[in-house]
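Chain A is the first sequence line, chain B the second, and so forth, proteins listed ahead of strands; every chain is numbered from 1. As a basis for the values below, the full set of heavy atoms in this structure was taken, side chains included, without hydrogen atoms, waters or symmetry mates. Quick caveat: nothing in here was measured; it's all calculated off a predicted structure.
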Number of protein chains: 2
Amino acid sequence: MRSMAPAPTESATTVPPAPAAKLGLRERKKIQTSQAIRHAAYRLFEEQGYDATPVDQIAEEAEVSPSTVFRYFPTKEDIVLTDEYDPMIEETLRARPASEPPVAALREALSDSLARVFDKDATETWQRIRLIREVPALRARMSEQSAETCRLLARALAERADRPVDDLEVRIVTGAMLGALTEAMFSWIDSGGSKTLTDLERLVARALNVLERGLTL
Amino acid sequence: MRSMAPAPTESATTVPPAPAAKLGLRERKKIQTSQAIRHAAYRLFEEQGYDATPVDQIAEEAEVSPSTVFRYFPTKEDIVLTDEYDPMIEETLRARPASEPPVAALREALSDSLARVFDKDATETWQRIRLIREVPALRARMSEQSAETCRLLARALAERADRPVDDLEVRIVTGAMLGALTEAMFSWIDSGGSKTLTDLERLVARALNVLERGLTL
DNA sequence: CGAGGTATTGACAGTGACTCTCTTTTGAGA
DNA sequence: TCTCAAAAGAGAGTCACTGTCAATACCTCG
């Protein structure tokens with residue numbers, strides 16, 4: 001658990017049909033292996049918990065060697081924390097008109113992206129979020145990723161507002177947004193039962209409202 | 001690096017004169033040891049970097065056994081991340097009149113607490129913050145602590161506003177505040193030269209303004 | 001002041017997440 | 001089918017911990 005090596009190249013995650021056709025055998029096997037590892041891991045985490053599951057066991061369950069697991073996922077945490085929506089949000093955000101105030105733009109960008117993330121693989125997404133919520137190491141690591149997201153958002157926002165990327169106000173806006181959204185997401189998980197997308201969207205909407213209102217209660 | 005065991009009991013951190021008199025030899029030695037470890041660690045981190053400094057070496061430099069290091073600091077990260085100001089902020093926040101809006105109350109509470117933290121041991125504080133800024137593992141761990149702080153803030157705010165602790169709006173307000181303040185702090189470090197307290201206060205003030213303004217640029 | 005109990009320490013033997021290096025296997029292209 | 005490069009496996013090594021056990025140091029009470 002040291003540096004943050006980038007996740008291995010891997011475009012589609014849980015999408016077998018669409019783009020699988022035109023890839024060579026090699027590429028297809030890579031996707032298979034990565035999925036085998038992830039699925040094995042989720043299965044074992046579910047049964048015995050994250051901390052109680054050594055990587056060697058995941059490797060065994062996935063029928064690969066331990067070294068291969070680390071080749072695909074630089075850290076154990078990355079098996080859970082492979083996310084593909086950061087760039088998606090940035091892209092969507094960039095597409096919003098520059099005249100919109102930041103919070104409004106984010107609102108639109110999010111409602112687009114959330115839907116896309118969810119109908120990809122809803123149950124695994126849910127399982128992942130729950131793990132992140134419960135395992136300290138994952139939570140910590142995910143904050144790190146959020147910081148990364150923060151920088152992405154900042155870039156997009158700065159560009160929209162025609163300010164430098166490291167502008168203090170831009171950074172503060174993104175920091176606050178991310179903080180608020182994270183709380184909204186966790187609150188969604190904490191409220192056990194309601195795990196539908198619309199529930200999440202409602203929470204996010206409320207979060208953005210609070211932000212626009214100047215954090216008054 | 002799993003659970004978050006509480007740091008060992010140790011009230012004063014870098015204050016030899018005042019309360020040192022009435023403690024037994026045992027207690028005094030404990031404080032000495034803990035300081036020896038911390039100082040040895042900071043020295044080595046400065047020279048060769050955090051990641052490149054094994055705990056065994058810190059132990060050697062501090063002239064204690066490796067096991068003793070772990071007895072004092074449950075993880076290597078904790079050597080850097082022992083913070084005492086979280087409860088301080090909460091207490092100060094609680095003392096503000098309930099009629100004040102959240103952001104205003106935080107503004108006052110912060111200007112109180114920041115000063116107190118800083119004139120305790122300014123140079124070590126600075127060194128610590130820089131480490132946190134630069135070492136991913138520390139950053140991640142510190143976010144975890146922030147989440148804890150978040151809960152403290154939420155508790156104080158909820159009480160003030162006479163709402164339940166897990167109220168969504170309360171959580172969002174605290175999340176956003178923490179996010180904004182973290183960015184302000186990092187921005188302070190990034191702006192290399194200006195490491196005075198008043199500079200930080202200025203940044204914090206701007207951050208709070210942005211929040212009050214509803215995150216507009 | 002000295003005996004006895006307890007807190008603290010050190011030595012040591014794990015475990016588990018990585019890292020590195022080296023060899024073997026296996027798709028891909030000629 | 002042959003060759004080359006990418007990928008997988010094997011194995012040794014590092015380092016952050018964890019748990020146990022025996023030795024030592026303070027403290028308290030007689």
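Here the nucleotide nearest the side chain of A:Y72, chosen from D:dA25, D:dC17, D:dA8, is D:dA8.
A:R141 and B:E144 are not joined by a salt bridge, as no carboxylate oxygen comes within less than 4.0 angstrom of a charged side-chain nitrogen. A:R151 has no carboxylate O lying under 4.0 Å from a charged side-chain N of A:D166, or vice versa, which leaves the two without a salt bridge. A salt bridge links A:R130 to A:E46: at least one charged side-chain nitrogen sits closer than 4.0 Å to a carboxylate oxygen.
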Between the protein and nucleotides 27-30 of chain D, are there any N/O to N/O pairs under 3.5 Å, and if so, what are the atom names and distances?
from	atom 1	to	atom 2	distance (Å)
D:dC27	OP1	B:L25	N	2.5
D:dC27	OP1	B:R26	N	3.0

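Distance CZ/B:R28 to CD/B:Q32: 8.0 Å, rounded to 0.5 Å. Considering CE of B:M185 and CG of B:D190, their distance stands at 10.5 Å, rounded to 0.5 Å. A:I58 contributes atom CD1, which lies 13.5 Å from atom NE2 of A:H39 (distance to the nearest 0.5 angstrom).
Rounded to whole Å, atom P of C:dA17 lies 15 Å from atom CZ of A:R141. As rounded to whole Å, 15 Å separates atom P of D:dA7 from atom CD of A:Q32. Atom CZ in A:F70 sits about 13 Å away from atom C1' in C:dC20, given to the nearest Å. Following rounding to the nearest Å, B:Y50 (OH) and D:dC15 (P) show an atom-to-atom distance of 14 Å. B:R71 places its CZ atom 17 Å from the P atom of D:dA16, with the value rounded to the nearest Å. Following rounding to the nearest Å, A:I37 (CD1) and C:dA17 (P) show an atom-to-atom distance of 14 Å. Atom CZ in B:F73 sits roughly 15 Å away from atom P in D:dT18 (whole-Å rounding).
OP1 or OP2 of D:dC26 has at least one side-chain nitrogen or oxygen of B:K29 nearer than 4.0 Å. Phosphate contact (OP1/OP2 of C:dT8, side-chain N/O of B:K30, threshold under 4.0 Å): present.
Using a 4.0 Å heavy-atom cutoff across all strands shown, A:S67 reaches at least one base atom of the nucleic acid.
For the pair A:K76 and A:F70, the cation-pi criterion (under 6.0 Å, within 45° of the ring axis) is not fulfilled. Note that A:R171 lies outside the cation-pi zone of B:F186, set by a 6.0 Å cut-off to the ring centre and a 45° limit from the axis.
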Given B:V170 and B:V165, is the side-chain contact (heavy atoms from CB on, under 4.5 Å) satisfied, shown in steps? CA-CA 7 Å; B:V170 169; B:V165 216; over 6 Å; no
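Each of A:P66 and B:T53 was matched to the nucleotide of DNA chain D holding its nearest heavy atom; the match closer to the 5' end belongs to A:P66.
Of the residues in residues 56-65 of chain A, A:V64, A:S65 come within less than 4.0 Å of DNA chain D through at least one heavy atom, sorted by number.
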